[in-house]
There are 2 protein chains.
Amino acid sequence: MTVRAGIVVTGTEVLSGRVMDRNGPWLSEQLLELGGDPIAIIVVGDRPQDILRALRFLTEEGCALVCTTGGLGPTADDLTAAAVGEFHGRAMVLDEALEGRIAEILRPLMGRWPNLDPEAVLVSNRKQAVVPEGSEILEPVGTAPGLVVTPAVGNGPTVVVLPGPPRELQPMWRAAIMNSPGLQQALHGAVEYRRDMLRLYGIPESEIAATLRAAETAGIELERLEITTCLRRGEVEVVTRYEPDGAGTYEQFAAFVRDRHPGTLFSDDGSTVDEQVFALLRGDGSRPSETIAVAESCTGGLLAARLTERPGSSEFVRGGLVVYSNEAKVALAGVDAQLIARAGAVSEEVAAALADGARAALGSDVGVGVTGIAGPDGATEGKPVGLVWLSVSHRDGRRVRRSVTLPGSRADIRDRSTTVALHLVRRLLSGDTG
Amino acid sequence: MTVRAGIVVTGTEVLSGRVMDRNGPWLSEQLLELGGDPIAIIVVGDRPQDILRALRFLTEEGCALVCTTGGLGPTADDLTAAAVGEFHGRAMVLDEALEGRIAEILRPLMGRWPNLDPEAVLVSNRKQAVVPEGSEILEPVGTAPGLVVTPAVGNGPTVVVLPGPPRELQPMWRAAIMNSPGLQQALHGAVEYRRDMLRLYGIPESEIAATLRAAETAGIELERLEITTCLRRGEVEVVTRYEPDGAGTYEQFAAFVRDRHPGTLFSDDGSTVDEQVFALLRGDGSRPSETIAVAESCTGGLLAARLTERPGSSEFVRGGLVVYSNEAKVALAGVDAQLIARAGAVSEEVAAALADGARAALGSDVGVGVTGIAGPDGATEGKPVGLVWLSVSHRDGRRVRRSVTLPGSRADIRDRSTTVALHLVRRLLSGDTG
């Protein structure tokens with residue numbers, strides 16, 4: 001059985017598009033894993049009426065659990081706790097013990113702000129300790145407490161009130177799953193669904209649509225699987241959610257996709273290309289660890305940044321050269337100026353020279369070179385915006401290379417280029433010819 | 001007068017958190033500028049019932065205009081057009097002329113996919129040309145057409161159906177604003193609101209809350225202004241939306257904030273610190289242009305990437321050194337190995353040496369050095385996770401520097417460090433001591 005659930009993201013700054021919401025999707029993923037059935041994420045502004053309407057809608061849609069995010073801050077437009085209290089018919093009361101605990105949290109922080117107005121801090125401190133009477137408190141991770149609120153009388157969804165900053169929300173949620181009687185009660189009886197992902201690189205989404213039709217024709221009971229496909233950062237993701245007894249059917253489906261797309265299916269265990277490259281660089285019993293360095297032009301540092309996203313990457317990532325100008329390509333990556341003049345800065349030859357130059361400059365085993373036209377300007381005869389040349393070379397002489405012409409905006413082209421580069425590194429290190 | 005509006009983002013991949021929605025916020029911002037009053041962004045999966053429920057909810061809430069995004073693709077789970085057709089009582093019909101136009105678009109694309117199954121393309125082509133009878137077609141930017149659908153009978157919101165990929169949605173929306181009779185009719189009579197933003201750096205949000213209270217006490221009619229504040233990438237944004245006749249009141253408010261926060265208010269014209277740094281580097285009649293280079297450790301390329309986000313940045317950005325390892329700090333940025341041994345890699349001295357080393361290696365006017373502990377590991381006695389030293393030096397000998405201890409995750413710390421760096425560059429180039 002699944003528990004219908006909804007998420008209400010509050011904040012005029014989110015609704016008006018100035019801040020990207022990361023909480024709704026994150027909570028939705030959490031709920032899915034716990035056997036929840038998230039039916040909607042609703043983003044509303046800081047108007048109590050709009051928060052109430054969203055709560056009523058989700059209640060009418062049969063949600064047994066609703067999570068809200070944001071609106072717990074110190075400013076007057078932070079109204080979520082009061083709106084949820086009103087929704088469930090609970091008066092707002094000052095929790096003095098909580099006020100004291102928040103004060104304890106604030107004291108050390110105040111040191112960071114020499115010019116702080118202590119009055120302002122006191123007011124916000126008290127405001128954050130005013131909660132719906134009889135609600136369960138989730139201890140603050142930052143300064144704002146979370147809440148678990150049930151109806152004072154009658155039926156209605158359990159509402160879990162969470163703060164806006166992801167670094168506060170995520171630990172608070174994890175703690176609540178372990179410790180909150182209210183949340184555990186709301187999720188009671190939910191079946192934990194399985195969720196598996198296939199990742200393919202280098203084919204259009206329509207090919208997957210054809211594969212799904214073929215799998216059905218081949219007699220695989222796809223109706224037992226909840227399959228969604230999407231294109232993301234240049235990869236096609238096929239995510240399947242199924243009840244535990246659908247595992248056999250999923251295995252048939254996964255095998256079918258493996259047979260049909262051997263060259264392009266690169267992950268069937270949920271791992272990303274970033275994780276695969278990280279593992280290949282780290283090495284294992286059968287394979288030595290490798291160090292890597294990059295020399296990038298159009299991506300302007302994004303590839304080095306992506307390689308260093310994970311903790312521990314400093315073990316393998318020697319560093320990078322952002323060689324935006326031709327002078328820098330020559331001076332830092334040792335690219336021959338005449339080669340640039342002859343082949344052009346965006347060329348197979350210069351990409352190769354950048355890969356080798358990165359290895360030489362940083363003394364790494366693997367070097368990556370990226371040079372392209374991110375646009376919107378810079379296109380020349382035969383070299384359109386979106387053309388990117390990439391080359392990956394190894395100390396032992398192995399090399400892989402390719403050119404792509406990427407669609408989209410400057411930002412799309414820069415980001416997509418880093419994906420292409422990671423897949424080339426994966427190919428070189430894994431020996432995979434896909 | 002404002003036009004109540006709603007946005008329905010469809011896609012199980014968005015609802016389940018695998019894909020970050022950029023369309024809802026973007027459309028909300030567009031609607032605000034056109035005098036719309038967006039009351040909610042609702043993210044639902046690819047289940048027609050959930051799309052219908054969201055449309056009904058927004059209709060009950062009095063929306064005259066609803067935009068949907070996504071669900072126009074070639075796969076079987078792309079169902080938005082049919083759901084909207086059902087909602088407004090219009091049968092789905094094949095538009096053969098449209099089918100022909102889509103075929104024209106697909107032909108050149110097919111070359112990019114040698115192994116493409118032509119049958120799959122044909123099927124998806126036809127599917128995308130099946131539209132609610134009598135609806136207005138928005139010409140495809142990619143392969144999917146958009147729609148403007150009104151009720152077959154009776155009243156109800158005008159529904160603008162848009163594709164999911166932002167690079168298709170955004171041009172299609174802009175074209176619709178100019179050319180779509182249906183959209184223009186729905187927005188008819190809307191007052192174009194004014195929207196102004198103040199950006200402050202280096203104070204907590206609670207200080208702004210106090211300033212708002214003080215402004216009210218000082219007799220400024222804040223009730224005529226719709227003010228929202230939010231903390232974003234380490235800056236406090238104060239956004240005010242008001243009807244044209246509230247302009248005088250806004251000026252009083254902006255002046256009040258200027259007086260109270262002279263050192264921390266850095267933008268009152270909507271400009272970002274990125275744009276201000278870009279303008280300072282470009283120079284003008286009174287000030288020469290300057291070139292810049294960076295040497296970054298913990299940010300791993302993010303600072304160079306941020307400096308090169310804008311087209312034209314190649315004029316000023318010489319490049320960067322990602323000196324993740326101490327060896328790279330020495331070899332590439334010329335940092336004295338004994339200095340690192342003595343002061344530690346994360347220190348004022350090494351940050352300064354990185355800034356100077358970046359200038360020397362890339363021959364730029366300005367150099368930026370960033371070194372810190374992004375965590376979660378790497379903290380040492382007296383050097384906690386989040387400690388970052390930054391230094392900016394100029395060829396002419398000027399230098400600004402600071403250390404910060406940033407909260408949050410590894411990703412937060414890396415991102416926030418780039419904001420601190422840009423504010424230091426702004427200070428050095430503008431002579432602003434704030």
Side-chain angles (χ1 to χ4, degrees), chain A residues 12-13 15-20 25-26 28-29 32 38-44 50 53 57 61 74-75 77 113 117 120-121 124 167 204-207 209-210 228-230 232 237 300-302 304-305 308 311 314 317-320 322-325 328 332 361-362 376-377 408-410 412, chain B residues 12-13 15-20 25-26 28-29 32 38-44 50 53 57 61 74-75 77 113 117 120-121 124 167 204-207 209-210 228-230 232 237 300-302 304-305 308 311 314 317-320 322-325 328 332 361-362 376-377 408-410 412:
Chain A
T12 300
E13 72 276 10
L15 177 61
S16 63
R18 286 200 320 288
V19 170
M20 188 69 67
W26 187 85
S28 182
E29 204 152 17
L32 276 168
I39 63 162
I41 300 169
I42 306 185
V43 179
V44 295
D50 291 347
R53 288 194 184 102
F57 171 68
E61 295 304 329
T75 53
D77 56 13
W113 304 108
D117 167 2
V121 177
S124 61
R167 67 170 173 276
E205 203 176 355
S206 61
E207 283 290 281
T228 57
T229 67
C230 78
R232 179 185 185 186
E237 292 182 348
L302 288 176
T308 54
S314 52
V317 183
R318 281 273 175 272
V322 180
V323 285
Y324 219 59
S325 63
L332 293 180
L362 285 137
D377 311 317
S409 67
R410 177 179 175 88
D412 295 328
Chain B
T12 301
E13 72 276 11
L15 177 60
S16 63
R18 286 200 320 289
V19 170
M20 188 68 67
W26 187 85
S28 181
E29 203 153 17
L32 276 168
I39 63 162
I41 300 168
I42 306 183
V43 180
V44 295
D50 291 346
R53 289 195 184 101
F57 171 67
E61 293 305 327
T75 54
D77 56 14
W113 305 106
D117 167 4
V121 177
S124 61
R167 67 168 172 276
E205 203 176 357
S206 60
E207 283 290 283
T228 57
T229 68
C230 77
R232 180 185 185 185
E237 292 182 347
L302 288 176
T308 54
S314 52
V317 182
R318 282 271 174 272
V322 181
V323 286
Y324 219 58
S325 62
L332 294 180
L362 286 136
D377 311 318
S409 67
R410 178 179 175 88
D412 294 327

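What's counted below: heavy atoms across the whole structure, side chains too, no hydrogens, waters or symmetry copies. The sequence lines fix the lettering, A, B, ..., with proteins before strands; numbering per chain opens at 1. Please read these numbers as outputs of a predicted model, since none were measured by experiment.
- Ala305(A) and Leu302(B) get closest at one heavy-atom pair: CB-CD2, 3.5 Å.
- For the options Glu237(B), Met20(B), Arg410(B), Arg318(B), heavy-atom pairs under 4.5 Å to chain A are most numerous at Arg410(B).
- With hydrogens and angles left out, the side-chain atoms of Thr229(A) and Glu205(A) include a donor and acceptor closer than 3.5 Å.
- When side chains are defined from C-beta on, Ile41(A) counts as touching Ser28(A), because their heavy atoms get closer than 4.5 Å.
- In this structure, the portion of Leu32(A) lying under 4.5 Å from any heavy atom of chain B is its side chain and not its backbone.
- Listed options Pro311(B), Ser314(B), Ala210(B) were ranked by heavy-atom pairs under 4.5 angstrom with chain A; first place goes to Pro311(B).
- For the options Ala209(B), Pro25(B), Pro376(B), Ala361(B), heavy-atom pairs under 4.5 Å to chain A are most numerous at Pro25(B).
- At least one side-chain heavy atom of Leu362(B) sits less than 4.5 Å from a side-chain heavy atom of Leu332(A).
- No salt bridge links Glu13(B) with Arg232(A); every basic N to acidic carboxylate O contact stays at or beyond 4.0 Å.
- Most heavy-atom pairs under 4.5 Å with chain B: of the set Ile42(A), Val44(A), Leu15(A), this distinction falls to Leu15(A).
- Ranking Ala304(B), Ala328(B), Ser16(B), Gly408(B) against chain A, the residue ahead of the rest is Ser16(B), based on heavy-atom pairs under 4.5 Å.
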Q. Arg53(B) and Phe57(A): side-chain contact (heavy atoms from CB on, under 4.5 Å), yes or no, with the steps?
A. CA-CA 9 Å; Arg53(B) 289 195 184 101; Phe57(A) 171 68; 4.2 Å; yes

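- The most heavy-atom pairs under 4.5 Å with chain A, out of Gly320(B), Pro38(B), Ser325(B), come from Gly320(B).
- Comparing Asp377(B), Val43(B), Thr12(B) by heavy-atom pairs within less than 4.5 Å of chain A, the highest count is held by Val43(B).
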